[in-house]
*Asks:* 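The structure that follows is given in the form of structure tokens.
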Amino acid sequence: MALRVYNTLTREKEDFKPVNPDKVNMYLCGPTVYKPAHIGHMVGPVIFDTIKRFLVYSGYDVKFVINITDIDDKLINKANELGTTVEKLAKEMTEDYFENLATMGVDSVDLFPYATDHIQDMLDMISTLVKNGHAYPLDGDVYFAVEEDDDYGKLSRRNIDEMMAGTRIETSDKKRNPADFALWKKSKPNEPAWDSPWGPGRPGWHIECSAMSKKHLGETLDIHGGGLDLMFPHHENELAQSECCTGKPFTRYWLHNGLMQAGSSSGKVGGGHDRHGDLTEQKEAQEADKLSGSKGAASVKHLFEVHHPETVRFFLLATHYRSPIDFSDERIQETGKGLERFYRLFETYERVSGNSFYDLKASTTKANSVDLSGEPKAFFAELAQLRDRFWEAMEDDFNTGGAIGFLHDMIRLLNGFIAEQKLESEKTAAAIDALTTGMTLFKELSNILGVFTKPIEEEGADDGLANDLMELIIALRANARKEKQWAIADQIRDGLNALNIVLEDRPEKTSWKRG
RNA sequence: GGCGCCGUGGCCAAGUGGACUAAGGCAGUGGAUUGCAAAUCCACCAUUCGUGGGUUCGAAUCCCACCGGCGCCUCCA
């Protein structure tokens with residue numbers, strides 16, 4: 001089966017065929033760095049990070065770019081509000097963004113170009129557009145003329161006339177068509193400005209993506225991603241200006257991820273919001289809620305104080321990328337509960353084999369996937385079948401939710417094998433080898449999702465004293481059990497449970513862990 | 001008003017014309033195991049996919065209507 005992707009441009013699932021058969025260029029619209037990232041900002045990066053991992057796994061040479069928009073009206077306003085400079089604010093927020101990406105395990109991005117490093121590239125494009133009649137200067141601004149673009153609106157499927165009927169676009173300014181959008185904006189005093197043929201100013205919102213994607217990935221992108229909210233006007237405008245500039249198709253496959261939604265019962269993660277004052281403030285508060293507040297996280301950082309990042313990543317991937325994700329604390333907690341079964345399998349594997357799951361060397365390409373041709377045949381055949389289904393799910397428009405289902409199936413298969421072979425008590429080299437093969441496959445597949453790539457750090461790492469004490473207690477309880485003094489043994493176990501310590505009696509020895 | 005999305009078991013969720021007599025998770029029930037537990041395994045848990053029509057040999061999947069939820073249409077990822 002070949003990879004198929006849903007293309008927003010055609011509204012259909014299509015066979016994936018990049019411009020160059022072996023290479024994939026993908027561009028994801030990054031953030032305007034004017035405020036701390038909230039959970040919604042992580043959806044795209046996590047999904048496209050996973051998409052890149054899968055493409056690389058499938059044998060493609062992938063270049064993945066996320067832009068940083070570090071000049072924009074929102075930045076200017078926010079910086080003024082905070083009494084800082086645009087540069088400082090942008091730098092701070094960019095660092096915040098990078099930190100969050102790293103925490104979420106998004107590490108496949110090849111380049112983060114900055115808008116302010118590409119002003120000349122933007123000016124070049126704008127000049128071309130002015131020259132070929134697709135844009136016109138007006139009092140120091142430069143506007144893109146939507147009427148000069150015959151297929152303007154093809155991505156979001158709207159036409160200019162209907163948009164006018166919407167009445168929400170201001171029709172009072174001097175633009176030729178109210179839908180014309182700014183490529184270049186004349187700067188006011190004390191605003192960041194760059195020289196241009198039309199006087200000092202700054203780029204409009206959309207041009208930076210056109211310029212940077214063209215420079216770093218070429219005139220035709222294979223994949224262009226972003227949140228569904230960006231489809232119009234941002235992507236529509238990018239598309240229009242790029243194609244009018246180069247005369248070539250801008251993007252082969254437009255992939256849009258669904259947006260975070262506030263569950264009615266959510267909102268416990270983020271902080272509360274002040275809701276007093278006049279109407280304007282109320283409106284602002286609503287706007288803030290829409291993006292961050294009751295939607296979940298005041299910031300990603302805050303979210304990570306409550307939930308492990310791996311849980312959050314897994315949570316995001318459990319739903320198909322195009323669907324809206326119903327975000328709530330309870331949902332994530334449930335995800336966390338489900339993950340424990342994965343971690344227990346890893347512990348069990350380490351206990352019976354002496355090897356850490358995290359140290360297993362898994363293949364990073366489909367072509368070199370783990371060899372399942374040997375013995376035991378039945379076990380390997382089931383592994384191979386789950387692997388096939390996992391691949392099929394991922395090839396079907398990156399169905400991570402379905403793929404995760406097969407990972408769960410694989411857990412049961414592996415646990416079943418451990419139980420059936422009695423590996424906790426009777427270790428045979430052949431059986432452990434077979435298990436290791438299975439675990440290696442598991443790692444190979446979970447790596448694609450970017451989960452379980454490294455051990456999760458234990459909270460409040462245990463000092464030696466706690467370990468020694470626990471060993472003593474367990475030894476005492478073992479004696480009691482040997483003497484069949486169940487009351488004492490149970491009293492110890494129950495007492496420890498009350499301290500959030502769980503004992504697990506196994507054939508060889510009793511182990512303990514924090515609950 | 002325009003463009004578009006969604007509605008699958010108690011909850012989350014995959015599946016979008018035939019292998020669906022609908023994955024998987026959480027919760028729950030019964031059994032195996034255990035001194036009893038925990039963990040693990042096995043079994044059960046939607047004759048049904050918002051409602052009503054229609055197309056088709058065949059529909060959760062396509063069409064129409066309706067009900068319900070939501071997004072965008074002003075520089076939100």
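In the text below, chain A, chain B and the rest are named by the order of the sequence lines, each starting its count at 1. Just so we're clear, the structure is a prediction, and the values are computed from it rather than from any experiment.
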*Asks:* Please state how far atom CG in A:Asn237 lies from atom P in B:C76, giving the value in whole angstrom units.
*Replies:* 12 Å

*Asks:* Atom NZ of A:Lys422 to atom P of B:A32: distance rounded to whole Å?
*Replies:* 16 Å

*Asks:* Check whether the side chain of A:Arg493 and the base of B:A37 form a donor-acceptor pair under 3.5 Å.
*Replies:* yes

*Asks:* Would you mind telling me which of B:C41, B:A38, B:U16 lies closest to the side-chain atoms of A:Val502?
*Replies:* B:A38

*Asks:* For the side chain of A:Asn399, counting heavy atoms from C-beta on, which of B:C26, B:A14, B:A77 is nearest?
*Replies:* B:A14

*Asks:* Given that both distances must come in under 3.5 Å, which nucleotide forms a Watson-Crick or G-U wobble pair with B:C57?
*Replies:* B:G18

*Asks:* When you compare B:U16 with B:C62, how far apart are their P atoms, in angstrom units rounded to a whole number?
*Replies:* 10 Å

*Asks:* I'd like to know if A:Glu81 pairs up with A:Lys78 as an ion pair, taking the criterion as any Lys NZ or Arg NE/NH1/NH2 lying under 4.0 Å from an Asp or Glu carboxylate oxygen.
*Replies:* yes

*Asks:* Could you label the plane-to-plane angle of the A:Phe64 and A:Phe48 rings as parallel, tilted or perpendicular, counting under 30° as parallel and over 60° as perpendicular?
*Replies:* tilted

*Asks:* Remember a base hit wins even if backbone is also touched, and classify A:Asp505 as base, sugar-phosphate or nothing at under 4.0 Å, heavy atoms.
*Replies:* base

*Asks:* Please identify which of these residues, A:Asp141, A:Asp73, A:Asp72, meets the salt bridge (charged side-chain N to carboxylate O under 4.0 Å, His left out) condition with A:Arg202.
*Replies:* A:Asp73

*Asks:* Rounded to whole Å, please give me the gap between CG in A:Leu259 and C1' in B:G4.
*Replies:* 12 Å

*Asks:* Once you round it to whole Å, what is the distance between P of B:G24 and CZ of A:Arg331?
*Replies:* 19 Å

*Asks:* In the strands shown, is B:A23 matched to any nucleotide by a Watson-Crick or G-U wobble pair with both distances under 3.5 Å, and which?
*Replies:* none

*Asks:* Select from A:Arg506 and A:Asn257 the residue whose nearest nucleotide in RNA chain B is closer to the 5' end of that strand.
*Replies:* A:Arg506

*Asks:* Touch check for A:Lys484, heavy atoms < 4.0 angstrom, all strands: base, sugar-phosphate only, or nothing?
*Replies:* nothing

*Asks:* B:A77 phosphate, OP1 or OP2: any side-chain N/O from A:His41 under 4.0 angstrom?
*Replies:* yes

*Asks:* Considering only heavy atoms and no angle criterion, is a donor-acceptor pair shorter than 3.5 Å present between the side chain of A:Asp490 and the base of B:G35?
*Replies:* yes

*Asks:* Under the ring-ring contact (aromatic ring centres under 6.0 Å, His included) rule, what do A:His307 and A:Phe315 come out as? Steps first, then yes or no, please.
*Replies:* CA-CA 11 Å; A:His307 303 285; A:Phe315 168 75; 8.7 Å; no

*Asks:* Please state the P separation for the pair B:A32 and B:G9 - nearest whole angstrom.
*Replies:* 33 Å

*Asks:* Could you tell me whether A:Asp409 and A:Arg389 have a side-chain N and a carboxylate O separated by less than 4.0 Å?
*Replies:* no

*Asks:* Both distances below 3.5 Å, Watson-Crick or wobble geometry, any strand: find the nucleotide opposite B:C41.
*Replies:* B:G31

*Asks:* For B:U61 and B:U8, measure between their P atoms and round to the nearest Å.
*Replies:* 13 Å

*Asks:* Could you work out the separation of B:U47 and B:C42 based on their P atoms and round it to a whole Å?
*Replies:* 24 Å

*Asks:* Is A:Arg322 touching bases, backbone alone, or none of the nucleic acid, heavy atoms closer than 4.0 Å?
*Replies:* nothing

*Asks:* Using a heavy-atom cut-off of 4.0 Å across all strands, would you classify A:Asp72 as base, sugar-phosphate, or nothing?
*Replies:* base

*Asks:* Could you tell me whether the phosphate oxygens of B:A39, OP1 or OP2, come under 4.0 Å of any side-chain nitrogen or oxygen in A:Asn415?
*Replies:* no

*Asks:* In this structure, how many angstroms lie between the P atom of B:A37 and the CG atom of A:Leu496, rounded?
*Replies:* 19 Å

*Asks:* Rounded to whole angstrom units, what separation is found between the CD1 atom of A:Ile418 and the P atom of B:A32?
*Replies:* 23 Å

*Asks:* Let's test this: given Watson-Crick or G-U wobble pairing with both distances under 3.5 Å, identify the partner of B:A77.
*Replies:* none

*Asks:* Describe the nucleic acid contact of A:Arg477 in one word from base, sugar-phosphate, nothing, applying a heavy-atom distance below 4.0 Å.
*Replies:* base

*Asks:* A:Glu334 has a side chain; which of B:C11, B:C72, B:G35 sits nearest to it?
*Replies:* B:C11

*Asks:* With a non-hydrogen cut-off below 4.0 angstrom, is A:Asp73 in contact with a base, only sugar-phosphate, or nothing?
*Replies:* base

*Asks:* Under a plain distance cut-off of 3.5 Å, with no hydrogens placed, do A:Thr69 and A:Asn67 share a side-chain donor-acceptor pair?
*Replies:* yes

*Asks:* Take atom CG of A:Asp326 and atom P of B:C11, then tell me their distance rounded to the nearest Å.
*Replies:* 13 Å

*Asks:* Please give the distance between the P atoms of B:U29 and B:G17 as a whole number of Å.
*Replies:* 39 Å

*Asks:* Distance between the P atoms of B:U48 and B:A23, in whole angstroms?
*Replies:* 15 Å

*Asks:* Under a 3.5 Å cut-off for both contacts, is B:G68 paired Watson-Crick or G-U wobble with anything, and if yes, with which nucleotide?
*Replies:* B:C6

*Asks:* When we call it a touch if two heavy atoms are under 4.0 Å apart, what does A:His320 touch: a base, just sugar-phosphate, or nothing?
*Replies:* sugar-phosphate

*Asks:* Is a donor from one side chain sitting under 3.5 angstrom from an acceptor on the other, for A:Asp229 and A:His234?
*Replies:* no

*Asks:* Can you tell me how far P of B:A38 sits from CG of A:Leu345, to the nearest Å?
*Replies:* 20 Å

*Asks:* Let's test this: given Watson-Crick or G-U wobble pairing with both distances under 3.5 Å, identify the partner of B:U48.
*Replies:* none

*Asks:* Please give the distance between the C1' atoms of B:C6 and B:A39 as a whole number of Å.
*Replies:* 39 Å

*Asks:* Cut-off 3.5 Å, side chains only: do A:Glu310 and A:Tyr343 have a donor facing an acceptor?
*Replies:* yes

*Asks:* Please tell me if A:Arg389 has a side-chain N or O lying less than 4.0 Å from either OP1 or OP2 of B:G24.
*Replies:* no

*Asks:* Taking only the side-chain nitrogens and oxygens of A:Lys74, find out if one of them lies under 4.0 Å from OP1 or OP2 of B:C76.
*Replies:* yes

*Asks:* Would you mind telling me which residue lines up with the more 5' stretch of RNA chain B, A:Ser323 or A:Ala489, judged by nearest nucleotide?
*Replies:* A:Ser323

*Asks:* Is there a ring-ring contact (aromatic ring centres under 6.0 Å, His included) between A:Tyr349 and A:Phe357 once you walk through the steps?
*Replies:* CA-CA 7 Å; A:Tyr349 174 66; A:Phe357 167 78; 7.3 Å; no

*Asks:* Under 4.0 angstrom, heavy atoms only, what part of the nucleic acid is A:Gly44 near: base, sugar-phosphate, or nothing?
*Replies:* nothing

*Asks:* Would you say B:U40 has OP1 or OP2 under 4.0 Å from some side-chain N or O of A:Arg344?
*Replies:* yes

*Asks:* Rounding to an integer number of angstrom, what distance separates B:A59 and B:G53 when you compare their C1' atoms?
*Replies:* 14 Å

*Asks:* Base, sugar-phosphate or nothing for A:Pro233? Non-hydrogen atoms, less than 4.0 Å.
*Replies:* sugar-phosphate

